[in-house]
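Notes to accompany the following structure.
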Amino acid sequence: MSASHSAEKALSASAQDSRNTQKRSRTMASSRKTRLALALAGQYAGLIAFAIFTCFPFVWALSVGLSADPSNTWLFPRSFWPTDPSIMWFERVFTEMPFLAYLKNSTIMSFWTIVAVVVISVLAGYPLARLKFPGRNLIFVAIIATLMLPSEVNIIPNFITLKHLGLLDSYTGAIIPNFAGAFGIFLMKQAFEQIPQDLIDAARVDGATELQILWRVMVPVSAPSIAALSIFTLVNAWNDYLWPSIVMTTRDKLPLAVGVFNDLTGPFAVSTSLVMAAIVLTVLPVLIFFSFTQRYFISGLDGAVK
């Protein structure tokens with residue numbers, strides 16, 4: 001009886017230990033889930049706060065631009081969204097200033113800037129990524145070092161050069177200094193380095209030249225990175241103000257950033273609603289373009305991050 005009683009006590013103690021272990025495991029799992037939920041809630045709260053912070057200026061400008069009451073232009077208007085929305089300020093942008101001419105100029109300049117930047121970045125990034133030649137690393141370091149220099153350093157040399165070439169007050173003079181950029185070369189070099197070497201070796205075995213490998217193999221595979229570079233270039237070219245304002249003097253040739261600023265700091269500066277409507281119309285094309293190409297933008301940056 002004593003042995004049987006001891007065995008029962010041992011079994012009971014073992015069962016109790018098992019129940020305690022299970023209880024501790026459930027408690028730890030519940031605590032882990034709680035921590036994960038709190039961390040996820042904190043991340044979403046931070047993202048929402050960041051979204052509100054970044055979107056507020058554009059939403060406020062749109063609200064003021066749609067308000068028929070010119071006095072409703074405080075930082076925090078009486079009603080944040082207008083109760084009497086009107087497009088009259090947007091209509092005045094088109095009727096009282098050459099907005100369509102500015103839009104055409106920005107489109108032309110941005111398009112050719114994107115084409116030139118992509119072509120030059122691809123041609124420079126491929127040899128830096130895949131070809132072996134003396135001084136390759138030194139050249140790449142020198143290119144990256146230019147990112148440390150402020151853009152204002154190039155203004156005087158570029159202005160004097162374009163003056164001697166007779167390119168002042170022209171589309172070419174306004175966009176040609178932006179053709180070669182260290183960021184584009186770096187982005188394409190990183191994208192080309194992610195492509196498997198076996199793919200390049202197979203093309204060489206088939207008798208492809210380096211240019212054929214570049215345009216028929218590397219470029220199609222790196223399409224997301226090229227799209228990301230195009231978006232970056234578009235935003236920079238579309239918003240470029242300093243250099244075009246120095247080079248170009250004819251009003252009909254001015255891009256949006258320069259033309260709208262000149263008009264809205266001159267005779268139209270008294271109308272805040274008109275200023276906000278013009279700003280919204282200036283930013284809107286880039287937002288539309290980005291909304292259709294954001295997936296390429298995100299996927300194209302993966303290679304650079306890796």
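Just so you know, these numbers use all the heavy atoms, side chains as well, and skip hydrogens, waters and symmetry mates.
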Mind checking whether [X] and [Y] sit in one hydrophobic cluster, side chains of I, L, V, M, F, W, Y counted as touching below 4.5 Å?
| X | Y | answer |
| --- | --- | --- |
| Leu147 | Phe179 | yes |
| Met148 | Phe186 | no |
| Ile144 | Val153 | no |
| Leu287 | Phe50 | no |
| Leu123 | Leu131 | yes |

Any heavy-atom pair between the side chains of [Y] and [X] that's under 4.5 Å?
| X | Y | value |
| --- | --- | --- |
| Asp201 | Arg204 | yes |
| Thr107 | Lys104 | no |
| Ile226 | Met188 | yes |
| Ile143 | Leu128 | yes |
| Asp240 | Thr113 | no |
| Phe133 | Arg136 | yes |
| Trp112 | Tyr171 | no |

Exercise. Could you check Val260 against Leu281 for side-chain contact (heavy atoms from CB on, under 4.5 Å), going step by step and ending with a plain yes or no?
Key: CA-CA 10 Å; Val260 169; Leu281 290 174; over 6 Å; no
Between the main-chain N or O of [Y] and the side-chain N or O of [X], is there a donor-acceptor pair closer than 3.5 Å?
| X | Y | result |
| --- | --- | --- |
| Trp238 | Thr282 | yes |
| Ser106 | Leu256 | yes |
| Ser222 | Val219 | no |
| Ser121 | Val118 | no |
| Asn105 | Ala101 | yes |
| Trp243 | Gly173 | yes |
| Ser245 | Leu242 | yes |

Within this structure, what is the [atom1]-[atom2] distance for the pair [X] and [Y], rounded to the nearest 0.5 Å?
| X | Y | atom1 | atom2 | result |
| --- | --- | --- | --- | --- |
| Leu254 | Phe261 | CG | CZ | 12.5 Å |
| Leu168 | Phe159 | CG | CZ | 5.0 Å |
| Ile246 | Ile156 | CD1 | CD1 | 9.0 Å |
| Gln212 | Asp206 | CD | CG | 10.5 Å |
| Leu284 | Ile279 | CG | CD1 | 13.0 Å |
| Lys132 | Asn137 | NZ | CG | 11.0 Å |

Notebook entry, point to check: Yes or no on side-chain contact (heavy atoms from CB on, under 4.5 Å) for Leu66 and Val280, after CA distance, side-chain angles and deciding distance?
Noted result: CA-CA 10 Å; Leu66 290 173; Val280 170; over 6 Å; no
Over all atoms of both residues, closest heavy-atom pair of [X] and [Y]:
| X | Y | value |
| --- | --- | --- |
| Ala182 | Thr146 | CB-OG1, 3.4 Å |
| Met109 | Pro255 | SD-CB, 4.1 Å |
| Met276 | Gly65 | CB-N, 4.0 Å |
| Trp89 | Val64 | CD1-O, 4.5 Å |
| Leu214 | Phe192 | CD1-CZ, 4.0 Å |
| Glu193 | Arg130 | O-NH2, 3.5 Å |

Output, in order, the C-alpha distance, side-chain angles, deciding distance and verdict of side-chain contact (heavy atoms from CB on, under 4.5 Å) for Gln197 and Ile200.
CA-CA 5 Å; Gln197 182 65 35; Ile200 301 173; 4.1 Å; yes
**Asked** What pairs with Asn154 under side-chain hydrogen bond (donor to acceptor under 3.5 Å, both in side chains), at least two apart in sequence or on another chain?
**Response**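 Expected list: none.
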For Thr250, which residues count as a side-chain hydrogen bond (donor to acceptor under 3.5 Å, both in side chains) partner, sequence neighbours excluded?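 Applying side-chain hydrogen bond (donor to acceptor under 3.5 Å, both in side chains) to Thr250 gives Asp169.
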- [ ] Check which hydrophobic residues are tied to Ile52 through side-chain heavy-atom contacts below 4.5 Å, counting indirect links as well, and list them.
- [x]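 ILVMFWY cluster around Ile52 also holds Ile48.
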- Does Leu40 CG have over 12 foreign heavy atoms under 6.0 Å away?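 Result for CG/Leu40: enclosed.
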(message) Is it the case that over 12 heavy atoms from other parts of the model lie below 6.0 angstrom from the CG atom of Leu165?
(response)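 Check passes, neighbour count above 12.
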